[in-house]
Amino acid sequence: MPLTRTPQLPSRDDTLGLVVLEVRRANGPGWALPGTFLHEGERLADAVDRSLRVKANVRGLRPRQLQVFDDPARDDRGWVLSVAHVQVVRIDQLDSRFPEATRLVPVARAGRLPYDHADIIVRAVEHIRSRYADQPDPDGLLGEEFTLRELRSAHEAVAGAPLQRDSFRRAMEPKLDATGVTTSGSRGRPAELFRRAQA
């Protein structure tokens with residue numbers, strides 16, 4: 001007898017696509033990416049955590065380093081290096097954010113930003129999309145088990161465009177392990193559940 005699982009309801013971010021968290025600037029007009037200067041003796045990861053907590057009230061994330069931005073002309077305050085970080089998260093992981101001091105903006109319409117923040121977003125999007133082109137849901141947005149349809153929907157949100165169903169299946173199936181479980185309680189035929197293949 002096949003095992004079954006009731007499918008999850010679509011998450012609230014299914015239609016948002018890829019968005020970027022921006023914070024209201026404290027010392028200037030408009031919006032910017034969250035950031036801060038390092039305190040003496042502070043580790044970089046701790047500064048990133050502090051910036052997200054203080055400026056956005058976002059906690060518990062562990063962004064990874066993306067790239068150093070070091071153009072001497074990038075900041076009118078002087079030569080300032082920025083170590084950009086990136087993390088892909090579900091929208092509910094940002095529920096604690098300050099509603100008046102933050103906003104979520106589609107990456108294609110990030111607005112007028114200071115310094116080279118627009119370039120940072122472009123580089124982050126390129127990095128994220130290249131990871132999702134090669135691996136099934138590398139950031140675990142769907143949890144441990146998912147259908148191919150759920151997986152394709154997540155990848156389409158990251159890609160910002162529809163993906164051809166058969167081509168997507170051919171690219172991803174070799175990197176998945178079937179669970180032997182199918183969904184139940186949804187319209188249409190039951191769908192098989194998969195996990196990411198173990199390396």
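Quick note: residue numbers are just sequence positions, from 1. In this text, all values refer to a predicted model and were calculated from it rather than measured experimentally.
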Might you point out which heavy atoms bring A197 and D177 nearest each other, and give the distance in Å?
CA-OD2, 3.3 Å
Which atoms form the tightest heavy-atom contact between P63 and V48, and what is the distance?
CG-CG1, 3.9 Å
What heavy-atom pair brings L21 and L33 nearest, and what distance separates the two atoms?
O-CD2, 4.0 Å
Would you please name every residue forming a side chain to side chain contact (heavy atoms under 4.5 Å, CB included) with S96, sequence neighbours left out?
N57
Mind checking side chain to side chain contact (heavy atoms under 4.5 Å, CB included) for V83 and listing every partner two or more places apart, or none if nothing turns up?
L44, Q65, V68, H85
If you look at every heavy atom in P174 and R169, which pair is closest and at what distance?
CD-O, 4.4 Å
Could you tell me whether R103 and E22 make a salt bridge, using a distance below 4.0 angstrom between a side-chain N and a carboxylate O?
yes
Is there side-chain contact between Y132 and L141, with heavy atoms separated by less than 4.5 Å?
yes
V89 and I91: same hydrophobic cluster, using ILVMFWY side-chain contacts below 4.5 Å?
yes
Tell me, with the steps shown, if L148 and E173 meet side-chain contact (heavy atoms from CB on, under 4.5 Å).
CA-CA 9 Å; L148 277 172; E173 262 190 340; 3.9 Å; yes
Is there a donor-acceptor contact under 3.5 Å from the side chain of K55 to the main chain of A26?
no
Any idea which heavy atoms bring P190 and T183 closest together, and the distance?
CB-O, 3.2 Å
For the CD1 atom of I128 and the CD atom of Q87, what is their distance to the nearest 0.5 Å?
10.0 Å
Path from L61 to V23 over hydrophobic side-chain contacts below 4.5 Å:
no
Spacing of CZ belonging to R59 relative to CG belonging to L94, to within rounding of 0.5 Å
13.0 Å
Sidechain-backbone polar pair: R196 side chain, K175 backbone, donor-acceptor under 3.5 Å:
no
With side-chain contact (heavy atoms from CB on, under 4.5 Å) as the criterion, how do L193 and T182 come out once you've worked through the C-alpha distance, each side chain's angles and the decisive distance to 0.1 Å?
CA-CA 6 Å; L193 290 172; T182 57; over 6 Å; no
Ring pair (Phe, Tyr, Trp, His ring centres under 6.0 Å) against F69, all qualifying residues, sequence neighbours excluded
none
Separation of E156 CD from R149 CZ (nearest 0.5 Å):
10.0 Å
Please say yes or no: joined through hydrophobic side-chain contacts below 4.5 Å, possibly via intermediate residues, are L104 and V58 part of one cluster?
yes
So CZ of F194 and OG1 of T179: to nearest 0.5 Å the spacing works out to 7.5 Å
Give me each pair satisfying ring pair (Phe, Tyr, Trp, His ring centres under 6.0 Å) with a member in residues 104-124, each pair once, sequence neighbours excluded.
Y115-H117
Roughly how far apart are T36 OG1 and D46 CG, rounded to 0.5 Å?
12.0 Å
Hey, is D49 close enough to R62 for a salt bridge, meaning N to O under 4.0 Å?
yes
Determine which pairs satisfy ring pair (Phe, Tyr, Trp, His ring centres under 6.0 Å) with at least one residue from residues 34-58, sequence neighbours left out, and list them in order.
none
I'd like to know if R131 pairs up with D139 as an ion pair, taking the criterion as any Lys NZ or Arg NE/NH1/NH2 lying under 4.0 Å from an Asp or Glu carboxylate oxygen.
yes
Quick one: does S51's side chain have a donor or acceptor within less than 3.5 Å of a partner on A47's backbone?
no
For Q164, check side chain to side chain contact (heavy atoms under 4.5 Å, CB included) against everything at least two apart and list the hits.
D166, S167
Considering residues, nucleotides and ligands other than R64, do more than 12 of their heavy atoms fall under 6.0 Å from its CZ?
yes
Smallest separation among heavy atoms of L113 and A118, with atom names
CD1-N, 4.2 Å
Can you find a pair of side-chain heavy atoms, one from R24 and one from W31, that are under 4.5 Å apart?
yes
Let me see the working for E42 and R50 under side-chain contact (heavy atoms from CB on, under 4.5 Å), right down to the final yes or no.
CA-CA 10 Å; E42 186 177 35; R50 175 171 55 83; 2.8 Å; yes
How far apart are the C-alpha atoms of L176 and F146, what are their side-chain angles, what is the distance that settles it, and do they pass the side-chain contact (heavy atoms from CB on, under 4.5 Å) test?
CA-CA 10 Å; L176 300 172; F146 42 81; 3.8 Å; yes
Give a yes or no answer on whether the side chain of H155 reaches the backbone of D137 with a donor-acceptor pair at less than 3.5 Å.
yes
